[in-house]
Amino acid sequence: MDVEAAKDAVPAPAPARRGKGMHRLLVAVNCGMLVLGTTGGPLLSRLYYSKGGHRQWLSAWLETGGWPLLLVPVLASYLARRSRDPSAPLVLTRPRILLAAAALGLATGADDFIYAYGLSFVPVSTSAILISTQLAFTVFFAFLIVRQRLTAFSLNAVALLTVGAVVLGLHASSDRPKGVSRGQYWLGFSLSLGAAALYGLVLPLVELTYKRAAGGGRVVTYALVVEMQLVMGFFATAFCTVGMIVNNDFQAIARESRTYELGVARYYTVLVWSAILWQFFFLGAVGVIFCVHTLFTGILIAAFIPVTEVLAVILLREKFSSEKGVALVLSLWGLASYSYGEYAEARANKKKSEGTCDL
């Protein structure tokens with residue numbers, strides 16, 4: 001768990017290889033969690049609504065309600081530290097960083113509700129537009145807040161993914177869910193855009209918090225990242241819990257389960273797996289920010305929109321139009337463009353470093 005975000009100035013060859021391998025493993029694991037959450041979370045949230053669910057605060061609560069799962073790795077990290085050092089602190093995160101994580105958690109909770117409310121009126125195909133639009137906001141705020149450098153390849157990827165989102169939007173009004181009025185549909189569409197903008201702001205702020213945590217020569221570890229996500233999840237869930245109490249959602253759960261089209265058992269199954277997959281999304285997002293950077297997180301989220309589209313066709317019986325096929329090609333092209341840009345830049349930096357050593 002305690003994998004360092006910074007490298008030693010002169011590492012020994014064997015530890016350097018182990019550190020590089022662990023870094024790659026963390027990147028793979030967090031990308032995997034982010035992909036599962038990006039594709040599975042919206043599908044289960046939409047399944048909840050399409051089969052008879054009506055509680056927006058409950059749907060929002062489920063997006064971060066799985067935060068207790070993070071107690072397992074946090075406790076494991078603490079026990080590992082105590083085995084090495086009996087005086088190791090219980091919490092790695094400094095109070096100021098914890099306060100920042102709490103504020104980000106509240107912002108995430110608000111974003112959860114806006115997103116859940118919007119999703120109750122729009123299909124998954126329209127929620128995909130939300131995720132693509134989020135990329136543009138992420139790039140904009142990442143440039144302003146953490147001074148993320150933009151390359152021609154990353155800008156090309158953003159352009160392709162944005163065009164793909166526009167193509168998806170061309171047929172959105174024809175996919176209005178049954179029982180949703182035109183006014184409700186456009187309200188959901190507007191709320192989805194608002195949620196995209198807010199989460200596009202949250203992601204760079206998370207990276208900025210990491211940089212503040214690393215101030216004074218401190219090393220940011222993956223264990224600290226998980227601690228921060230636990231705090232963010234707790235406060236986001238607390239925010240939604242207040243909404244559920246005010247809206248009497250806790251009392252309505254048992255009643256709603258009895259009228260759910262898939263039955264009581266599957267109702268609770270949908271709720272549980274929704275909480276798990278959304279937790280994968282949030283932990284994967286902050287993990288990818290830690291291992292790579294904010295822009296890659298936004299790119300990865302947007303690139304898997306077409307996968308969500310295909311799964312919606314298979315699992316929710318949504319139509320697969322020609323627009324969705326075009327969006328799939330554009331999204332894959334955008335991801336390939338970004339990936340090649342990262343590879344080319346890494347190769348150029350390696351050659352430059354080798355040239356400097358030869359001198």
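Heavy atoms only, all atoms of each residue included: D112 and T64 are closest at OD2-CG2, 3.3 Å. Considering every non-hydrogen atom in both C291 and V27, the closest pair reads CB-CG2, 3.5 Å. The two residues Y260 and K51 have their closest heavy-atom pair at CD1-O, 3.3 Å. Summarising the geometry of A285 relative to L203, their closest heavy-atom pair is CB-CD2, 4.4 Å, with the distance given to 0.1 Å. When all heavy atoms of L198 and A107 are compared, the closest pair comes out as CD2-O, 3.7 Å. Across every non-hydrogen atom of V91 and L98, the tightest pair is CG1-CD1, 4.3 Å.
No donor-acceptor distance shorter than 3.5 angstrom exists from the side chain of S257 to the backbone of Y267, with no hydrogens or angles considered. One N or O on the side chain of R46 and one on the backbone of V122 form a donor-acceptor pair closer than 3.5 Å. Remark: side-chain polar atoms of Q279 are not paired, donor with acceptor, to backbone N or O of G65 under 3.5 angstrom. Not a single donor-acceptor pair under 3.5 Å links the side chain of E256 to the backbone N or O of G53. Side-chain atoms of Y48 come within 3.5 Å of backbone atoms of R55 as a donor-acceptor pair (strictly under, hydrogens ignored). Listed for the E63 side chain is no donor-acceptor partner under 3.5 Å among the backbone atoms of A60. With N247 contributing its side chain and D249 its backbone, the two residues share no donor-acceptor pair below 3.5 Å.
A 4.5 Å side-chain heavy-atom check between F296 and C31 finds at least one atom pair inside the cut-off. Residues Y222 and L26 are in side-chain contact: their nearest non-hydrogen atoms beyond the backbone lie under 4.5 Å apart. You'll find the side chain of S45 stays beyond 4.5 Å of the side chain of L62, heavy atoms only. R212 is listed as a side-chain neighbour of L208, based on a closest heavy-atom distance under 4.5 Å. Taking the side chain as every heavy atom from C-beta outward, M228 and V286 never approach each other to under 4.5 Å. Residues V35 and F280 form no side-chain contact, since every pair of their non-hydrogen atoms from C-beta on lies 4.5 Å or further apart. Taking 4.5 Å as the limit, some side-chain heavy atom of Y268 sits within range of a side-chain heavy atom of I253. At least one side-chain heavy atom of L71 sits under 4.5 Å from a side-chain heavy atom of L230.
Taking CG of L43 as the reference point, atom OG1 of T308 lies at 5.5 Å (rounded to 0.5 Å). Interatomic distance, CZ of R94 versus CD1 of I97, reported as 5.0 Å (0.5 Å rounding). Put simply, CG on N30 and CG on L300 are 10.5 Å apart, with the number rounded to the nearest 0.5 Å. With values rounded to the nearest 0.5 angstrom, L311 atom CG is found 5.5 Å from L315 atom CG. Taking CD1 of I245 as the start and CD of Q251 as the end, the distance is 9.0 Å to the nearest 0.5 Å. The distance from the CG atom of L277 to the OG1 atom of T38 is 10.5 Å, given to the nearest 0.5 Å.
Remark: F140 CZ is loosely packed, at most 12 non-hydrogen atoms of other residues, nucleotides or ligands lying under 6.0 Å away. Residue-environment remark: OH (Y78) exceeds the threshold of 12 foreign heavy atoms within 6.0 Å. Atom CZ of R82 has more than 12 neighbouring heavy atoms from other residues, nucleotides or ligands inside a 6.0 Å radius.
Legend: residues meeting side chain to side chain donor-acceptor pair (under 3.5 Å) with T39, ordered by chain and number and at least two apart, are absent.
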Handout entry: F137 and L201: CA distance, side-chain angles, deciding distance, side chain to side chain contact (heavy atoms under 4.5 Å, CB included) verdict
Key = CA-CA 7 Å; F137 290 111; L201 173 63; over 6 Å; no

Practice task
Please lay out, stage by stage, how S120 and S59 fare under the test side chain to side chain contact (heavy atoms under 4.5 Å, CB included).
Solution key: CA-CA 9 Å; S120 66; S59 181; over 6 Å; no

Problem - From CA spacing to verdict: side chain to side chain contact (heavy atoms under 4.5 Å, CB included), V202, D111 - result: CA-CA 9 Å; V202 168; D111 185 70; 5.8 Å; no

Practice task
Start with the C-alpha gap between T93 and V231, add the side-chain angles, then the distance that decides, and say whether side chain to side chain contact (heavy atoms under 4.5 Å, CB included) holds.
Solution key: CA-CA 10 Å; T93 315; V231 173; over 6 Å; no

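Checked against the 6.0 Å centroid criterion, the rings of F113 and Y117 qualify as a close aromatic pair.
By the 30° and 60° cut-offs, the orientation of the rings of Y199 relative to F282 is perpendicular. A perpendicular orientation is assigned to the rings of F281 and W278, their planes being inclined by more than 60° (bins at 30° and 60°). Taking the six-membered ring where tryptophan is involved, the planes of F290 and Y210 are perpendicular, since the angle between them exceeds 60° and thus also 30°.
Note: the hydrophobic cluster containing L106 does not contain V242 (ILVMFWY, side chain heavy atoms under 4.5 Å, direct or indirect links). Residues L99 and W67 do not share a hydrophobic cluster, clusters being chains of Ile/Leu/Val/Met/Phe/Trp/Tyr side chains in contact below 4.5 Å. Linking ILVMFWY residues whenever their side-chain heavy atoms come closer than 4.5 Å, directly or via other members, places L262 and V264 in the same cluster. Taken together through direct or relayed side-chain contacts under 4.5 Å among Ile, Leu, Val, Met, Phe, Trp and Tyr, L90 and L75 form part of one hydrophobic cluster. One hydrophobic cluster, built from ILVMFWY side chains closer than 4.5 Å, cannot hold both V72 and M232; they sit in different ones.
Looking at S77 and R81, their side chains do bring a donor and an acceptor atom within 3.5 Å of each other.
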